Amino acid sequence: MRARDTPVPAPSALPADRPTDVLVVGAGLAGLPVALELARRGASVRVVDPADPGSGTSRVAAGMLAPVTEAEPDDPDHLAVGRAGLDRWAAFAAGLAADSGVEVPLHAAGTLALARDRDEAEALVRFADVCGRFGLPVERLLPSAARRLEPALAPTLRGALSVPGDLAVDPRRVVAALAAALPALGVDLVTGAVERVLLGDLAGGGSRATGALLADGRELRAGAVVLATGAHPVAGLPDAARVPVRPVKGQLLVLRDPSGPGLVERVLRFGHGYLVPRDDGRYVLGATTEERGFDVATTAWALHELLRDGFELVPGLLDLEVQETLAGLRPTTPDALPVVGPAAGVDGLWWATGHHRNGVLLAPLTGLLVADGLTGASRTPADEHVASLVDPRRFAAPAAPLHPPVPEDARA
Ligand code: GLY
């Protein structure tokens with residue numbers, strides 16, 4: 001790999017038969033930051049995806065950067081990973097804006113966790129206690145105080161908790177910035193469906209990833225392969241290298257206030273739902289959590305439940321326009337922690353998936369962890385700890401459940 005200060009090549013599509021240092025499979029909010037970080041360090045990188053960058057689950061994501069309210073705060077491992085993710089965001093957004101010329105504003109109004117009834121109010125008290133034990137800055141609010149902060153909240157509100165440190169970002173803006181930055185850094189973006197990973201034999205036994213074969217017969221050769229394939233299975237891997245990632249469906253709506261922003265300023269959390277304001281008068285109202293395989297249909301039932309719950313807390317939501325109804329697939333492991341790091345049993349093969357509810361939060365961290373690992377960069381003990389928590393090889397024990405056989409029609 002070239003040293004970081006070596007001039008990067010002019011934007012160009014590399015000939016497909018020219019090997020790169022790294023092939024990233026998947027152009028979502030896991031793969032694109034990996035490509036960005038490697039390219040910044042001087043690696044030649046190619047990204048392959050069957051569709052446009054960020055057009056899968058990244059396009060559906062709400063963009064909460066919320067390690068406290070999106071994780072179980074009494075689980076120190078999730079919290080450590082989530083907070084490490086949040087810590088990387090300000091620098092990532094600034095660096096990405098500089099590389100791309102596309103601003104990536106961070107919405108810093110914080111989160112209000114809300115209770116609609118007595119049970120939810122008691123759950124908020126327990127949640128606040130746990131946060132206190134872990135030193136997380138949260139503040140309990142009377143309903144009247146919460147309504148002074150957000151006058152659109154219903155008078156029936158039973159309790160609230162302010163989580164001031166959470167951020168939010170528009171994931172589509174992040175994708176747009178990445179898609180602008182990557183070609184300028186010499187990254188080759190290729191459209192194509194991966195049929196299988198190509199493996200070569202190592203002299204002393206074992207195998208090494210050497211690239212990928214596309215469905216149209218093209219071979220993309222590389223010194224290392226990073227699988228940022230979301231919930232989708234990948235063919236061509238020995239059992240030991242596979243990871244147990246399944247799709248967990250989330251449905252949501254994008255609402256729009258034609259009169260502009262201002263109905264709600266903070267991210268609102270309630271039960272299993274959330275309302276995330278964008279700076280332009282759009283609001284993301286989500287989300288279901290469904291075990292339905294690769295189904296991405298939006299259903300009347302789900303949209304009804306989301307609107308009913310949202311209306312209970314913010315009655316003014318019903319005046320908004322429905323702009324989109326969407327469903328995405330959260331790539332989820334049995335312990336709900338990501339798989340970011342080297343695969344077991346195959347040299348030069350890396351995973352960058354399994355982010356469950358936190359794909360956007362963990363995007364910058366994912367890029368750094370993979371790039372540090374592939375370039376052999378030294379890590380602080382804290383980063384080493386986070387890397388160990390998300391190491392894919394934790395699932396390599398023979399008893400671990402693995403992906404089912406790859407269906408004919410499910411390609412990365
Ligand atoms: N992070 C929001 C969701 O997964 O629904």
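Since the structure is predicted, the reported quantities are computational estimates derived from the model, not experimental observations. All ligand and atom numbering here is 1-based and tracks the order in the structure.
Taken to the nearest 0.5 Å, the CG atom of Leu268 stands 8.5 Å off from the OG1 atom of Thr111. A distance of 11.5 Å separates OG of Ser144 from CG of Leu153, quoted to the nearest 0.5 Å.
Asp188 and Thr20 share no side-chain donor-acceptor pair at under 3.5 Å. Between the side chains of His272 and Thr289, not a single donor N or O lies within less than 3.5 Å of an accepting N or O. Residues Thr288 and Glu305 bring no donor and acceptor atom of their side chains to less than 3.5 Å of each other.
Close N/O approach between Asn358 and ligand 1 is not found [any backbone or side-chain N/O within under 3.5 Å]. When only interatomic distances are considered, the shortest N/O to N/O separation between Glu70 and ligand 1 falls below 3.5 Å.
Contacts of Met64 with ligand 1, taken as heavy-atom pairs under 4.0 Å, involve the side chain alone.
The backbone N or O of Thr299 sits less than 3.5 Å from a side-chain atom of Gln251, completing a donor-acceptor pair.
Closest protein heavy atom to atom 5 (O) of ligand 1: Tyr274 OH, 2.6 Å. The nearest heavy-atom contact from the protein to atom 1 (N) of ligand 1 is Arg357 O, 2.7 Å.
Below 4.0 Å from some heavy atom of Arg330 lie the following atoms of ligand 1, by number and element: 3 (C), 4 (O), 5 (O). Near Ala287, meaning under 4.0 Å from one of its heavy atoms, ligand 1 places the atoms 5 (O).
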